[in-house]
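Please read the structure below before turning to the comments.
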Amino acid sequence: MIDAKIKNLEALKELGVDPYPYTYKVTHHAGDLQKKYEGLTDGEVTEDVVAVAGRIMSNRNSGMFIDLHDATGKIQIFSHKQDVPADVLAQMAYYDIGDLIGVEGIVRRTPRGELTINTKKVTMLGKSIRPLPEKYHGIHDTELKYRKRYLDLIMSTESRDTFRRRSLILASLRKTLIDTGFLEVETPMLHPIPGGTSAKPFLTHHNALDMELYLRIAPELYLKRLIVGGFERIFEIGRNLRNEGISVKHNPEFTALEVYQAFADYTDMMTLFEQLVVNAVKDTHDGATKITYGDRDIEFKGPWPRKTMVELVKDVTGIDFLQITDADAAAKAADKAGVAIQPGSPWGKIVETVFGEKVEHTLIQPMIVTDVPKDVMPLAKVHPENPLLTESFEIYINGWEIGPAFSELNDPFDQKDRFMKQVEAREAGDEEAQHLDMDYVEALEYGMPPTGGLGLGVDRLVMLLTDSHSIRDVIAFPTLRNVTK
RNA sequence: GACUCCGUAGCUCAGCGGUAGAGCAUCUGACUUUUAAUCAGAGGGUCCUGGGUUCGAAUCCCAGCGGGGUCACCA
């Protein structure tokens with residue numbers, strides 16, 4: 001199978017052709033040509049000479065017709081044995097499907113309506129010695145698709161488009177932020193104390209320092225240290241790593257956006273969150289705010305409705321947890337509603353659990369779920385009207401949490417108390433309770449301005465905006481078990 | 001991690017106790033304005049791995065490996 005192609009490679013070398021040359025001067029791309037010559041009528045021939053480069057994807061009539069694909073699209077190459085110099089034809093005899101070539105020639109449209117380049121000159125740019133997947137069905141084997149993403153990208157326009165749009169989304173998020181005065185910053189991936197969220201970390205070791213380090217589960221505490229340092233508007237886009245399960249919505253490493261704005265609170269974050277997402281939708285959907293995900297339509301146009309978490313729980317279950325503030329009574333009420341609660345859970349955890357089971361999946365259109373209980377938000381400011389709640393919200397779209405936001409807790413005394421509660425929970429067996437970070441508390445002791453912050457799960461946003469139904473379809477190289485050949 | 005489905009040619013798949021199959025791709029030839037080109041022919045297999053049942057296993061059973069899905073943890 002490979003042998004035949006290697007034979008062709010040897011034959012090319014015999015002809016004095018370098019099968020792996022260094023560069024090639026491309027003058028045009030297939031997609032641009034298709035657009036430029038849209039008005040060219042069937043059978044019309046131009047005198048325009050162009051040089052294109054790409055991969056041979058199809059070969060008809062013994063090589064007389066070649067489909068060449070580049071990053072922008074497809075164009076047909078026509079090489080008639082009467083019109084093409086013998087030495088060019090001789091070389092082309094050893095071209096295979098999968099080869100990367102450059103073609104110089106004139107542009108025309110065939111009588112059958114296909115935009116075509118009449119070959120004058122060809123250049124081998126990269127010989128392929130392996131067969132491509134089946135041209136019509138492409139890759140169906142999900143494992144092959146994820147392990148050899150390059151094959152998926154060669155074969156699937158949908159997949160290429162997904163990753164192109166992923167890039168557009170990242171650019172859009174950056175643009176929205178930079179345009180409103182935010183600075184992009186970078187904080188460590190290696191943390192001596194894992195912090196900023198509740199999750200199981202990966203542990204690693206630094207040899208020279210002979211020190212245990214955790215891969216970051218969130219950049220939050222470092223970003224807020226920068227706010228203490230005087231930056232007023234900052235953001236970071238980067239990978240978070242969590243040693244947790246893998247699912248259609250979870251990859252051990254995933255991309256998150258975190259934003260912090262000094263002298264702002266969670267209501268400012270509501271506006272900003274909406275702006276970030278709506279701009280990303282528009283930038284990937286030709287200005288439209290409505291998208292289709294699977295068989296449902298989602299309208300992103302704001303303002304998004306705002307409802308408190310307990311309200312939403314009440315709407316669905318009839319239980320008003322504001323009236324049941326005793327943890328044991330709340331657990332009983334949850335149990336009655338058919339939601340199993342881990343014994344010893346505090347009130348806020350119970351509310352969150354019931355919300356997760358009963359409400360979350362119903363929130364298809366964008367919804368701002370506000371006032372998340374204090375028990376599950378150890379880094380957020382207490383709600384001034386209810387000490388059980390925080391000034392916070394979570395954005396839900398398509399039944400998924402896209403990200404949390406809150407008024408950042410800047411009271412070092414309260415923060416230390418909250419950390420101590422987390423330590424207690426950890427000692428009681430909650431593996432994901434947060435660690436005490438006294439260095440962070442010390443930073444707060446120097447004074448942090450009132451600050452609003454938000455986090456956004458970029459991969460999930462990309463899934464939504466590319467109609468992808470697995471996170472592995474929006475991460476080029478998702479985490480898979482290693483296989484040794 | 002539990003449950004469940006899947007693993008056959010480079011790819012997409014059929015076969016599901018009795019000699020290993022098709023299409024695309026590859027090779028040879030024909031054709032030379034095709035576009036999933038077409039036509040004639042050829043080559044190509046550790047049927048994921050290892051055990052077991054059986055006269056006989058791709059096929060049935062067990063274990064393992066890899067993947068998908070659901071659940072659990074979580075964004």
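Chain A is the first sequence line, chain B the second, and so forth, proteins listed ahead of strands; every chain is numbered from 1.
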Scan every strand shown for a Watson-Crick or G-U wobble partner of [N], both distances under 3.5 Å, and answer none if you come up empty.
N: B/C27; answer: B/G41
N: B/A63; answer: B/U49
N: B/U4; answer: B/G68
N: B/U12; answer: B/A22
N: B/U33; answer: none

In whole angstrom, what separates [X]'s [atom1] from [N]'s [atom2]?
X: A/Arg60; N: B/A25; atom1: CZ; atom2: C1'; answer: 15 Å
X: A/Lys145; N: B/U12; atom1: NZ; atom2: P; answer: 11 Å
X: A/Asn8; N: B/C27; atom1: CG; atom2: P; answer: 6 Å
X: A/Glu134; N: B/A14; atom1: CD; atom2: C1'; answer: 14 Å
X: A/Ile66; N: B/U33; atom1: CD1; atom2: C1'; answer: 15 Å
X: A/Lys135; N: B/U26; atom1: NZ; atom2: C1'; answer: 12 Å
X: A/Gln342; N: B/C73; atom1: CD; atom2: P; answer: 8 Å
X: A/Tyr94; N: B/U26; atom1: OH; atom2: P; answer: 16 Å

Using 30° and 60° as the class boundaries, would you call the ring planes of [X] and [Y] parallel, tilted or perpendicular?
X: A/Tyr266; Y: A/Phe393; result: tilted
X: A/Phe355; Y: A/Tyr396; result: perpendicular
X: A/Tyr293; Y: A/Trp400; result: perpendicular

Look at A/His140 and B/C13 and indicate whether a side-chain polar atom (N or O) is within less than 4.0 Å of OP1 or OP2.
yes
Ignoring backbone atoms, test whether A/Arg147 places a side-chain nitrogen or oxygen under 4.0 Å from the OP1 or OP2 oxygen of B/G67.
yes
A/Pro133 or A/Asn251: which one's nearest nucleotide on RNA chain B is closer to the 5' end?
A/Pro133
Contacts of A/Trp400 and A/Thr479 projected onto RNA chain B by closest heavy atom; the upstream (5') one is A/Thr479
Is the shortest side-chain N to carboxylate O distance from [X] to [Y] below 4.0 Å?
X: A/Arg165; Y: A/Asp161; answer: yes
X: A/Asp265; Y: A/Lys381; answer: no
X: A/Arg147; Y: A/Glu143; answer: yes
X: A/Arg109; Y: A/Glu114; answer: no

Proximal nucleotide (of [options]) relative to the [X] side chain:
X: A/Lys81; options: B/A72, B/U35, B/U32; answer: B/U32
X: A/Pro131; options: B/U12, B/U35, B/G10; answer: B/G10
X: A/Tyr146; options: B/C24, B/G66, B/G68; answer: B/G68
X: A/Asp141; options: B/C73, B/U32, B/U12; answer: B/U12
X: A/His137; options: B/U12, B/C73, B/C27; answer: B/U12
X: A/Ile97; options: B/G69, B/C13, B/U26; answer: B/U26

With hydrogens left out and only the distance checked, is there a donor-acceptor pair under 3.5 Å joining A/Ser247's side chain and the base of B/C73?
no
Using the [atom1] atoms only, state how far [M] lies from [N], rounded to an integer number of Å.
N: B/U33; M: B/A22; atom1: C1'; result: 30 Å
N: B/C73; M: B/G64; atom1: P; result: 26 Å
N: B/A36; M: B/A25; atom1: P; result: 12 Å
N: B/C61; M: B/G68; atom1: P; result: 24 Å
N: B/C55; M: B/G17; atom1: C1'; result: 12 Å
N: B/G50; M: B/C65; atom1: P; result: 15 Å
N: B/G10; M: B/G1; atom1: P; result: 31 Å
N: B/G44; M: B/G56; atom1: C1'; result: 27 Å

Mind checking if [X] touches a base, just sugar-phosphate, or nothing, with heavy atoms under 4.0 Å?
X: A/Leu480; answer: sugar-phosphate
X: A/Gln76; answer: base
X: A/Asn240; answer: nothing
X: A/Arg109; answer: nothing
X: A/Glu431; answer: nothing
X: A/Thr142; answer: sugar-phosphate
X: A/Gly403; answer: nothing
X: A/Arg481; answer: sugar-phosphate
X: A/Ser62; answer: base

Can you name the closest pair of heavy atoms from A/Leu12 and A/Lys127 and give their distance?
CD1-CD, 3.9 Å
With distance as the sole criterion, is a donor-acceptor pair present between the side chains of A/Thr119 and A/Ser79 under 3.5 Å?
yes
